[in-house]
Amino acid sequence: LFCAGRKGGHKGRARQYTSPEEIDAQLQAEKQKAREEEEQEEGGEGAAGDPKKEKKSLDSDESDEDDEDYQQKRKGVEGLIDIENPNRVIQTTKKVTQLDLDGPKELSRRESREEIEKQKAKERYMKMHLAGKTEQAKADLARLAIIRKQREEAARKKEEERKAKDEAAMAGKRLQSLSLNK
């Protein structure tokens with residue numbers, strides 16, 4: 001049955017498997033031992049007290065285990081081996097009302113570094129823009145220069161029109177005064 005170059009099991013020993021009944025018995029013994037230690041620490045009266053209480057607690061443990069098995073159907077060897085993986089993330093569903101959208105968001109290192117770089121680049125751009133070194137700033141300054149010229153011309157025209165009206169009014173007054181003098 002073995003392929004060429006392969007050997008059998010380790011040192012020729014046969015493998016021994018523990019039956020589920022033995023595992024259950026061991027777990028119950030450990031729970032009972034832990035419970036006895038807790039009772040001794042609390043007051044010591046319950047451990048040496050009634051054997052009926054101990055029997056009831058064992059019966060309740062079995063019913064609790066049955067309830068757990070009924071609630072969670074375990075696959076494969078999960079029922080035999082109790083494993084706690086600290087790296088495993090248990091996904092919990094949240095309701096929309098529980099979500100905190102306004103709260104601060106945790107950024108990764110790269111995201112926070114990119115965010116800082118964006119802010120620095122924006123500050124540099126604003127400094128250059130205020131100094132008039134960017135293309136947009138140059139275009140804005142040229143537009144402002146054109147607008148200033150137009151406003152100066154409009155102000156000059158208004159001044160000339162005002163002067164012309166004043167001169168016409170003065171000329172009209174002179175004519176009236178001359179006609180009255182005649």
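Heavy atoms only: backbone and side chains are in, while hydrogens, waters and symmetry mates are out.
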Trainee: Nearest 0.5 angstrom please: Lys120 NZ to Glu123 CD, how far?
Mentor: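 Here the interatomic distance stands at 8.5 Å.
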Trainee: Considering non-hydrogen atoms only, spot the tightest contact between Ala137 and Gly132 and give its length.
Mentor: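 It is CB-CA, 3.8 Å.
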Trainee: Report the C-alpha separation of Lys127 and Arg124 in whole Å, then their side-chain angles, then the decisive distance to 0.1 Å, and conclude whether the side-chain contact (heavy atoms from CB on, under 4.5 Å) test is met.
Mentor: CA-CA 5 Å; Lys127 285 180 184 177; Arg124 279 194 305 263; 5.8 Å; no
Trainee: Once rounded to the nearest 0.5 Å, what's the spacing between atom CD of Glu167 and atom CZ of Arg174?
Mentor: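 Here the rounded value is 9.0 Å.
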Trainee: Atom CE of Met128 and atom CD of Gln136: how far apart are they, to the nearest 0.5 Å?
Mentor: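 One finds 12.0 Å between CE of Met128 and CD of Gln136.
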Trainee: Testing the basics here: between Lys133 and Lys138, what is the closest heavy-atom pair and its distance to 0.1 Å?
Mentor: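 Of all heavy-atom pairs spanning Lys133 and Lys138, the closest is O-CE, 3.8 Å.
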Trainee: Please round to the nearest 0.5 Å and tell me the distance separating atom CD of Glu41 and atom CD of Glu39.
Mentor: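 Interatomic distance, Glu41 CD to Glu39 CD, rounded to 0.5 Å: 11.0 Å.
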Trainee: Distance check, rounded to the nearest 0.5 Å: Ile23 atom CD1 versus Glu21 atom CD?
Mentor: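 Ile23 CD1 to Glu21 CD: 9.0 Å, rounded to 0.5 Å.
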Trainee: Can you tell if the side chain of Glu152 reaches within under 4.5 Å of the side chain of Arg156, non-hydrogen atoms only?
Mentor: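 Answer yes - side chains close enough.
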Trainee: I would like to know whether Glu114 and Lys118 meet side-chain contact (heavy atoms from CB on, under 4.5 Å); could you show each step before the answer?
Mentor: CA-CA 6 Å; Glu114 289 172 354; Lys118 276 185 185 178; 5.6 Å; no
Trainee: I'd like to know whether Glu37 forms a side-chain contact (heavy atoms from CB on, under 4.5 Å) with Lys33, so could you lay out the CA-CA distance, the side-chain angles of the two residues, the decisive distance to 0.1 Å, and finally the verdict.
Mentor: CA-CA 6 Å; Glu37 289 176 2; Lys33 187 177 180 182; 3.9 Å; yes
Trainee: Would Gln32 and Gln28 count as a side-chain contact (heavy atoms from CB on, under 4.5 Å) here? Give the steps.
Mentor: CA-CA 6 Å; Gln32 186 177 4; Gln28 287 179 358; over 6 Å; no
Trainee: What distance do Arg113 atom CZ and Arg109 atom CZ have between them, rounded to the nearest 0.5 Å?
Mentor: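 Rounded to the nearest 0.5 Å, the CZ-CZ separation comes to 10.0 Å.
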Trainee: Between Asp140 and Arg143, is there a side-chain N and carboxylate O pair less than 4.0 Å apart?
Mentor: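 Looking at Asp140 and Arg143, the cut-off is met.
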Trainee: Can you confirm whether Arg162 sits close enough to Glu159 that some side-chain heavy atom of one is under 4.5 Å from a side-chain heavy atom of the other?
Mentor: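 Side-chain contact under 4.5 Å: yes.
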